[in-house]
Amino acid sequence: MELSKNFQHRESELQWYEHWNQAGYFHSVPDERPAYTIVMPPPNVTGVLHMGHALNNTVQDVLIRRAKMQGFNTCWVPGTDHASIATEAKVVAMLREKGIDKKDLSRDEFLKYAWEWKEKYGGIILQQLKKLGCALDWDRTHFTMDKDYYAAVIRVFLDLYNKGLIYRGVKMINWDPRAKTALSDEEVIFKQTNSKLYYVQYRLDTEREEYITIATVRPETILGDTAICVHPNDPRYAHLKGKFAFVPLINRRIPIIFDEYIDMEFGTGALKVTPAHDLNDYNLGLKHNLPVIDTLNDDGTMSEAATLYIGEDRFAVRKKIVVALKESGNLIKEEEYTNQVGHSERTDAVIEPRLSMQWWCKMEDLAKPALEAVMEDDIAFYPAKFKNLYRHWMGNIKDWCISRQLWWGHRIPAWYTPDNKMTVAATLEEAFAELSKSDASLTIDQIRQEDDCLDTWFSSWLWPMEVFGWNENPNNADLQYYYPTSTLVTAPEIIFFWVARMIMSGYEYMGKKPFDKVYFTGIVRDKQGRKMSKSLGNSPDLLALIDDFGADAVRFSVMISSPAGNDLLFDESQLEQGRNFSNKIWNAMKLVKGWEERVSDETSDEYAQFAIHWMEQRIAETGVELEAMFKDFRLSEALKTIYTLIWNDFCSWYLEWVKPGFEQPVSAKVFDKTISIFEQLLQLLHPYMPFVTEEIYHLLRGRKMGDDLMPLAMPAYNTDNATILKQGAMLQDVITSVRDARNKNQFKPKDQIILSVDTQHKDFYNATLDILQRQVNAEEIKFTSEQPASSIAVVVNTDKLYIEAFGKVIDFGVQKEQLAKDLEYLKGFLASVDKKLSNERFVSNAKPEIIEAERKKQSDAQAKIKVLEESLSSL
RNA sequence: GGAAGCAUAGCUCAGCUGGUUCAGAGCAUCUGCCUUACAAGCAGAGGGUCCGCGGUUCGAAUCCGUGUGCUUCCA
């Protein structure tokens with residue numbers, strides 16, 4: 001078979017993903033093996049794959065694939081969440097394009113469109129995950145508005161309500177006037193904004209014409225002012241106790257109040273108080289019994305209560321009112337001012353603090369066990385630094401606003417009579433039964449259900465239990481087997497939104513934590529360090545990257561640069577590195593495959609014994625290291641380690657050491673061992689780069705479909721020969737040193753040399769002679785005790801190597817320089833070691849093995865110095 | 001205003017419990033190679049006051065304090 005020049009990822013990816021799926025490797029059913037379970041953080045159903053997903057899901061896939069090889073029954077559950085605000089916004093936009101206004105639709109009509117939209121576009125992101133190679137159990141795909149899931153959400157709502165943990169109340173909330181819904185604090189993004197600070201004077205209700213000046217960035221809100229507040233210790237305003245002022249333009253008479261809340265330094269030290277439109281003002285209003293005048297409609301236009309500009313947009317009014325204030329002489333001055341302005345995470349509209357009746361969930365009791373679990377490492381966070389953040393939030397937890405003024409989502413199961421009596425019940429019939437108890441004349445068609453939906457996170461917090469069918473039967477076999485799940489992989493930015501709440505619901509409803517470990521990935525940033533986001537448009541097109549470089553290369557690039565919890569700057573050079581790595585392995589395969597037709601039983605393979613033995617030990621050594629790294633989620637370090645093992649140890653050293661000469665036969669043993677070694681390496685790499693490894697695994701021995709790498713059990717690694725590892729390193733050292741000397745003396749690669757070795761370790765050289773000879777292109781290697789005439793001397797450890805070449809003029813100056821430089825370094829090194837060892841406090845305080853190591857360093861350095869001095873003097 | 005994180009080669013970053021397996025990787029740079037798997041490659045090389053200062057210690061890139069700079073979270 002003709003093998004292509006490079007790895008052809010496009011065909012390979014399609015073929016293997018389909019094959020793994022068909023073979024059932026992705027699907028899990030409970031059995032006697034231990035389970036290793038991950039529930040995917042459900043992406044937004046409107047989403048398309050971006051770098052954050054690529055990172056997050058590659059991490060999960062690496063964990064799943066490795067666990068599978070280690071004998072776990074792995075289950076990785078895919079799914080999406082309904083993302084009420086984002087989806088509703090998309091559907092509204094889609095309808096608008098069709099010329100349909102949401103206002104003209106009934107709730108049911110709208111939902112019909114929404115479901116159509118979901119069926120059409122909602123699965124895109126899951127399909128894209130297949131391109132990335134994700135080993136997901138597709139039979140378990142869930143959606144947060146599936147019938148049973150919906151029922152679970154309603155059931156939890158009823159339960160919490162009955163426990164007294166859910167209540168209705170008027171509070172200051174974050175209002176998104178574009179989406180016309182409340183937002184939780186976490187959904188508001190504060191952006192630095194260039195604003196203006198307006199100084200406005202209010203006429204005092206005194207006989208003399210006196211004024212008090214306030215500063216505000218939101219002049220349109222003065223129409224809702226119900227007081228002016230100053231600091232009780234502020235001498236400027238002490239005389240105003242008990243006085244009143246008039247709101248400009250509308251001449252509302254409002255009191256001057258005194259409160260220590262005021263920052264005397266800010267503005268004029270006098271604050272206008274608008275309880276309906278500012279949280280702090282609201283609290284002041286409560287304290288001082290101020291009336292609340294709500295001057296805004298839900299769409300951000302002025303309400304009738306404003307009395308002026310009714311129906312006009314708040315920002316247009318801001319401009320107009322400034323003009324009006326100027327004309328009336330109330331505007332004193334304007335100042336440039338930068339402040340933090342809240343924007344909606346989803347619609348980017350400027351948030352209005354607004355008083356509103358909402359549904360709330362009490363968090364204090366739920367938070368307690370969830371906080372303890374993390375603090376006591378019953379649920380372990382990686383990296384642990386996020387425990388602090390978690391503790392801080394959980395310790396100061398506020399009640400959760402769970403209602404959203406949207407249609408797309410789980411409709412709150414609260415029911416009202418025409419005179420606004422309310423009950424909470426699963427169905428209309430139950431609600432009717434309850435409500436009619438106190439009103440016998442009530443008919444069922446008079447009852448109307450709450451319009452609001454629940455926050456999306458109020459459904460996704462049930463994810464780890466509900467994907468296994470908690471609602472239908474909490475004792476079902478799947479839930480018993482897979483819950484608690486093993487590892488949650490997510491971004492730190494949703495630690496409160498989601499992670500904390502899943503822990504709460506897990507304890508509340510399962511009595512158990514939802515997962516053992518939480519691994520927080522970093523945030524993917526672009527080259528300039530900006531977070532990749534849709535709004536910036538700086539996220540590369542992942543599918544294009546996969547197409548260009550291959551899924552393995554994309555996976556490589558995100559994994560190589562993502563130490564746990566640290567942000568990663570995404571750089572295309574890493575994609576190239578990944579692609580090149582695939583090709584390197586592909587070419588190594590071509591080399592080995594090329595030997596197949598030249599396998600012979602008669603060929604000597606003694607020369608290769610050392611190489612094989614050494615490589616096997618290197619793999620074992622690395623296998624042990626990898627185990628430790630995976631335990632700590634040092635995933636990028638693990639990949640680097642595997643990369644080095646394959647590229648350096650295997651390709652650069654091992655293959656060169658065992659490679660037969662041009663068109664020479666290769667022994668059956670070397671061939672077979674090399675393939676076995678290759679297969680072990682492919683297995684170690686497979687979790688990171690599944691496609692290229694599976695492809696080559698099959699090609700190496702011409703395996704049949706079904707005889708696959710993906711489910712192959714991984715051996716337990718342990719090293720039993722430290723000596724050969726040291727000898728391998730020594731051999732590399734000798735080879736590099738001789739090559740360096742060749743280079744420095746301008747030898748061409750083809751120039752042959754004669755190498756003479758003055759050593760105490762003849763056994764080592766005898767075992768590696770053939771390898772050494774080929775690697776340094778030596779015609780002959782012999783032992784000696786004297787430096788041959790006109791030879792280059794090289795010192796490696798305490799061995800002296802002499803290089804002779806015919807027809808080569810040797811530059812002793814270069815050589816002398818090199819030896820002198822080495823000697824100088826070593827003398828300095830020895831001096832530092834001597835100093836340490838002659839320090840009494842070191843000898844008495846340091847651990848014995850450290851002292852022993854220093855002694856060894858001392859004697860090694862002394863020996864080497866001696867050898868170097870001898871070489872120098874013989875020049 | 002409160003809190004956290006980061007500062008290591010030209011660039012992007014590793015460096016777990018303090019000790020030469022500790023100063024490392026990739027990219028970039030320099031030298032030599034179209035060597036019979038791979039030029040997306042091979043063989044070598046150069047390059048760093050581990051941000052400044054102070055402390056703990058026999059010993060600090062690593063621990064503590066402090067200053068500076070950047071980032072993020074909360075108010």
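Labels below follow one simple rule: chain letters A, B, ... track the order of the sequence lines, proteins then strands, and each chain is numbered from 1. Values below: every heavy atom of this structure, side chains too, minus hydrogens, waters and symmetry copies.
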Can you tell me the distance, in whole Å, between the [atom1] atom of [X] and the [atom2] atom of [N]?
X      : N     : atom1 : atom2 : answer
A:N587 : B:U36 : CG    : P     : 13 Å
A:F671 : B:A37 : CZ    : C1'   : 14 Å
A:I397 : B:C74 : CD1   : P     : 14 Å
A:Q577 : B:A40 : CD    : P     : 16 Å
A:Y654 : B:A37 : OH    : P     : 16 Å
A:D740 : B:U31 : CG    : P     : 16 Å
A:Q664 : B:U36 : CD    : C1'   : 11 Å
A:L591 : B:A37 : CG    : P     : 6 Å

Using a heavy-atom cut-off of 4.0 Å across all strands, would you classify [X] as base, sugar-phosphate, or nothing?
X      : answer
A:N583 : base
A:E576 : nothing
A:R579 : base

Query raised in the report: So, do A:T768 and A:Y607 sit near enough that their side-chain heavy atoms are less than 4.5 Å apart?
Result: no

Query - A:L685 side chain near A:Y643 side chain, heavy-atom distance below 4.5 Å - result: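 Answer no - side chains too far apart.
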
Where the side chain of [X] is concerned, which of [options] is the nearest nucleotide?
X      : options             : answer
A:N580 : B:A37, B:A45, B:G41 : B:G41
A:E854 : B:G44, B:G19, B:U35 : B:G19
A:R634 : B:C16, B:C38, B:C73 : B:C16
A:K748 : B:G32, B:A40, B:A43 : B:G32
A:K398 : B:A45, B:A75, B:A37 : B:A75
A:K584 : B:G19, B:G32, B:G41 : B:G41
A:R841 : B:C58, B:A37, B:A14 : B:C58
A:C651 : B:U20, B:A37, B:C38 : B:A37
A:F842 : B:G32, B:C58, B:A75 : B:C58
A:W647 : B:A37, B:C42, B:G44 : B:C42

Is any NZ, NE, NH1 or NH2 atom of the basic residue among [X] and [Y] found under 4.0 Å from an Asp or Glu carboxylate oxygen of the other?
X      : Y      : value
A:R742 : A:D751 : no
A:R701 : A:D672 : yes
A:E637 : A:K640 : no
A:R579 : A:D552 : no
A:K864 : A:D860 : no
A:E352 : A:R218 : yes
A:R774 : A:E656 : no

Counting only side-chain nitrogens and oxygens, does [X] get under 4.0 Å of the OP1 or OP2 atom of [N]?
X      : N     : value
A:T644 : B:A25 : no
A:K593 : B:A37 : no
A:S652 : B:A43 : yes

Determine the Euclidean distance between corresponding [atom1] atoms of [M] and [N]; express it in Å to zero decimal places.
N     : M     : atom1 : value
B:A60 : B:G1  : P     : 36 Å
B:U36 : B:U8  : C1'   : 43 Å
B:G18 : B:G54 : P     : 23 Å
B:C63 : B:U56 : C1'   : 8 Å
B:A23 : B:G5  : P     : 28 Å
B:U17 : B:C11 : C1'   : 31 Å
B:C64 : B:G69 : P     : 22 Å
B:G48 : B:C42 : C1'   : 28 Å

Query raised in the report: Any donor-acceptor pair under 3.5 Å between the side chain of A:E656 and the base of B:A37?
Result: yes

Report task. Starting from the 5' end of RNA chain B, give me the residue, A:P749 or A:L655, whose nearest nucleotide shows up first. Result -> A:P749

Report task. Using the closest heavy atom to pick a nucleotide of RNA chain B for each, name whichever of A:R739 or A:Y643 lands nearer the 5' end. Result ->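 Closer to the 5' end of RNA chain B: A:Y643.
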
Report task. Show your working on ring-ring contact (aromatic ring centres under 6.0 Å, His included) between A:Y688 and A:F556 and close with a plain yes or no. Result -> CA-CA 7 Å; A:Y688 290 93; A:F556 179 95; 8.5 Å; no

Query raised in the report: Which range-with-range stems can be found for RNA chain B when each stem has 3 or more Watson-Crick or G-U pairs in a row and both distances sit under 3.5 Å?
Result: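 RNA chain B stems, ordered by first number: B:1-7 with B:68-74, B:10-13 with B:24-27, B:29-33 with B:41-45, B:51-55 with B:63-67.
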
